[in-house]
Amino acid sequence: MKQTVSLKLNREFRRLYQKGKSAVDPFLAVYCRKNRLGFSRLGLTVGTKVGHAVVRNRVRRRLRESYRVHEDRFRPGYDIVVVARGRAAGARYAQLERSLLRLAGKLDLLKGEGEG
RNA sequence: CAAGCGGGCUGGACAGCCGCGUGGGAACGCCGAAAGGCCACCCAUGAGGAAAGUCCGGGCUCCGCAGGGCAGGGAUAACGGGUAACACCCGCCGGGGGCGACCUUAGGAAAAGUGCAACAGAGAUAUACCGCCGGACGCCUCGGCGUCCGGUAAGGGUGGAAAGGCGAGGUAAGAGCUCACCCGACGGCUGGGAACAGUCCGUCGCUGUAAACUCUAUCCCGGAGCAACACCGUGGAGGGACACACAGGCCGGCCCGGCCGUCCCGGGGAGGUGGCUUGAGCCUGUCGGCAACGGCAGGUCGAGAUAGAUGGCUGUCUUCAAGGACAGAACCCGGCUUACAGGCCCGCUUGCACA
RNA sequence: GCAGAAGUACCCAAGUGGCUAUAAGGGGCUCCCCUGCUAAGGGAGUAGGCGGGUAAAACCGUGCGGGGGUUCGAAUCCCCCCUUCUGCG
């Protein structure tokens, strides 16, 4: 992920949960908020409810891959948090990818057709 | 061939494109006055048999602590060995199960003491309810019946357990009362390194429970845990030194205006660096040993992350199935326990068939 | 990473070797009293897991998170798991 840094601090996550915009489906919950850094920051959360360590790792890797592949389509300059929900454990990669893009579209994080 | 028993191994492989962690190299690239740093790119390497549960045993680190004994607490429990150590492993003995290969076993002491044993039953650590037998008295239809006194643990029924078992003798009826055989305990003898076995001899016949207290033997003994601990450490709080003003510094090209003491010390919150992977290591051969394991020789280095690196897409092969076993290192080892699809190999047992 | 605690009817729970847990007792549910009507309060009664069985009962088996073991006998004692919760930093 070339233009994106990962989001680590707990207080940054909490600020997004409280003040950010969100979109939800059975697989994922996405929170976002504009920052002033000029680049985006991504945080991934996969809680214990999703499954044991192997399942959580797999979900997290798939989410990171989905974002990496489509990074160019995201508008820069946002803090984004992606929370995996219960159904994500059994989901295939294509389902997670589609879900991420749809929720990002709802939040207007994706560039329009004409934009570079 | 069928059914079964035991042990070991494996836990998909290969290729292409994009992507990640760590280590090394690195320009004709970037930053820098330089020293040097960064980096495209290249090379190497990158989760498990349980990484899990955290149930035991250690290493390591810090804090506490003069030495020894008793008391107290905890763990273990046939015996012999292995090991750094263990509650683990190997061998062996005893008990239980299986036709067998084999499996299983918290397996010291109840005869040091205390406690507990509901219900049932006459009676639960000592008993006479029914019964059996004898005697006295009474009744009598002369078969017996009743009351009282006494003997008796063979029979009945209860129970997890009823005073070793069974047969014969014996007796009024009975009883290890006596005898033979069997069972068990203790002592002697023989074999064995020991647990133990043999049953030749003698003595005895005792309920169970110690995963109730307890006793015996052996071992252990302070606390925390890598988020330990060590080092660096912007800011803020504290202390010291020097300044005390018409000075000085910052914002600004300058004026006006606004803001502000300066430097040092120390312990340390966030954050960073070390700890951090070479170790009771792994592989091969050989020797000793039934084995666990050990000795020797040679070879070899196989993750080190820190919101946490192995993912995505595609093809081929093995496969019923690869989209489908259980499952992710977090300081490191030795075990135990628990979870686990499929596949492969070795040894053995029983039955059937054939030669 | 480390250290603990708990699990019993629908819920809260008592029971810590013994007769069948009448599954103690609450809450619950039904009826009555109280009130103009409610709430609160008081009194009486009642069913109560799962499987079988019955017209309904009676009755039988099983059941105290699960599985083993000790014991004549286990919710209770011992061992191994599962789930939930809490604490430390």
Side-chain angles (χ1 to χ4, degrees):
Chain A
M1 290 179 280
K2 288 164 186 165
Q3 306 106 36
T4 305
V5 153
S6 66
L7 195 63
K8 300 174 181 177
L9 295 175
N10 191 25
R11 62 169 181 275
E12 304 276 3
F13 279 81
R14 277 206 302 270
R15 194 165 62 204
L16 258 73
Y17 294 147
Q18 285 170 10
K19 301 192 172 177
K21 290 191 293 180
S22 64
V24 176
D25 74 2
F27 299 105
L28 303 174
V30 176
Y31 298 80
C32 73
R33 191 171 188 237
K34 208 176 255 185
N35 65 26
R36 298 174 182 215
L37 299 171
F39 53 88
S40 286
R41 297 189 295 178
L42 178 69
L44 298 174
T45 295
V46 184
T48 358
K49 280 186 181 177
V50 174
H52 52 67
V54 172
V55 171
R56 293 200 306 272
N57 279 341
R58 184 158 56 232
V59 170
R60 185 166 58 240
R61 285 164 183 161
R62 283 174 171 172
L63 289 175
R64 195 183 295 123
E65 176 71 7
S66 299
Y67 181 83
R68 185 186 71 79
V69 169
H70 299 290
E71 187 177 8
D72 293 344
R73 296 177 57 191
F74 279 76
R75 296 179 194 273
Y78 281 87
D79 287 347
I80 305 167
V81 165
V82 179
V83 179
R85 310 186 73 208
R87 291 277 296 283
R92 293 184 292 185
Y93 172 76
Q95 292 177 297
L96 288 179
E97 185 181 46
R98 206 180 313 128
S99 169
L100 179 68
L101 290 176
R102 190 173 66 242
L103 296 176
K106 269 192 192 173
L107 294 170
D108 201 25
L109 288 170
L110 300 180
K111 294 174 182 173
E113 290 299 315
E115 300 180 54

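Chain identifiers are assigned alphabetically (A, B, ...) following the order of the sequence lines, protein sequences preceding nucleic acid strands; residue numbering begins at 1 within each chain.
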Q. Rounding to the closest angstrom, what is the interatomic distance between C/U30 and C/A5 at atom C1'?
A. 40 Å
Q.
Please give the distance between the P atoms of B/A3 and B/U158 as a whole number of Å.
A. 49 Å
Q: Decide yes or no for A/F27 and A/L103: does some side-chain heavy atom of the first lie under 4.5 Å from some side-chain heavy atom of the second?
A: no
Q. Between B/C18 atom C1' and A/E71 atom CD, what is the distance in whole Å?
A. 14 Å
Q. Between C/U76 and C/U38, how far is it from one C1' atom to the other, in whole Å?
A. 48 Å
Q: Calculate the interatomic distance between A/R68 atom CZ and B/A309 atom P; express it in whole Å.
A: 15 Å
Q. Quick one: A/R61 CZ to B/A305 C1', roughly how many Å, whole number?
A. 12 Å
Q) Are A/R73 and A/L101 side-chain neighbours, meaning at least one heavy-atom pair lies under 4.5 Å? A) yes
Q: Could you tell me which nucleotide pairs with B/G285 by Watson-Crick or G-U wobble geometry, both distances under 3.5 Å, or answer none if nothing does?
A: B/C296
Q.
Starting from A/L100, can I reach A/L107 by hopping between I/L/V/M/F/W/Y residues whose side chains sit under 4.5 Å apart?
A. yes
Q: Could you pick out which residue, A/R62 or A/L44, lies toward the 5' side of RNA chain B when each is mapped onto its nearest nucleotide?
A: A/L44
**Q.** Mate of C/C19 where both pairing distances stay under 3.5 Å, Watson-Crick or G-U
**A.** none
**Q.** A/R64 CZ to B/C20 C1', straight-line distance once rounded to whole Å
**A.** 8 Å
**Q.** Residue list, side-chain hydrogen bond (donor to acceptor under 3.5 Å, both in side chains) with A/R85, at least two apart or on another chain
**A.** none
**Q.** P spacing across the pair B/G19 / B/C41, given as an integer number of angstrom
**A.** 8 Å
Q) On a whole-Å scale, what distance lies between the C1' atoms belonging to B/C232 and B/A84? A) 38 Å
Q: For B/A230, give its Watson-Crick or G-U wobble partner with both distances under 3.5 Å, or none.
A: B/U273
Q) Taking atom P of B/G311 as reference, at what distance in whole Å does atom OH of A/Y93 sit? A) 13 Å
**Q.** Watson-Crick or G-U counterpart of B/U199, or none if no pair lies under 3.5 Å
**A.** none
Q | Watson-Crick or G-U wobble partner of B/G134, both distances under 3.5 Å | A | B/C149
Q) For the pair made of CD in A/E65 and C1' in B/C20, what is the distance, rounded to whole Å? A) 10 Å
Q | For B/U349, the Watson-Crick or wobble partner whose two distances fall under 3.5 Å | A | B/A3
Q. Which value, in whole Å, describes the distance between the C1' atoms of nucleotides C/C77 and B/A211?
A. 6 Å
Q. Considering only the C1' atoms, how many Å lie between B/C226 and B/G240, rounded to the nearest integer?
A. 38 Å
Q) Cluster question for you: counting only ILVMFWY and a side-chain heavy-atom cut-off of under 4.5 Å, with indirect links fine, are A/Y67 and A/Y93 together? A) no
**Q.** Rounded distance in Å between the C1' positions of C/U8 and B/C129
**A.** 44 Å
Q) Of the residues in residues 52-60 of chain A, which ones touch RNA chain B at a heavy-atom distance under 4.0 Å? A) A/H52, A/A53, A/V54, A/N57, A/R60
Q) Are A/R68 and A/E65 within salt-bridge range, i.e. N to O under 4.0 Å? A) yes
**Q.** Partners passing salt bridge (Lys or Arg N to Asp or Glu O under 4.0 Å) against A/R87 (at least two apart in sequence or in another chain)
**A.** none
Q. Hey, is the main chain of A/L44 close enough, under 3.5 Å, to the side chain of A/R64 for a donor-acceptor pair?
A. no
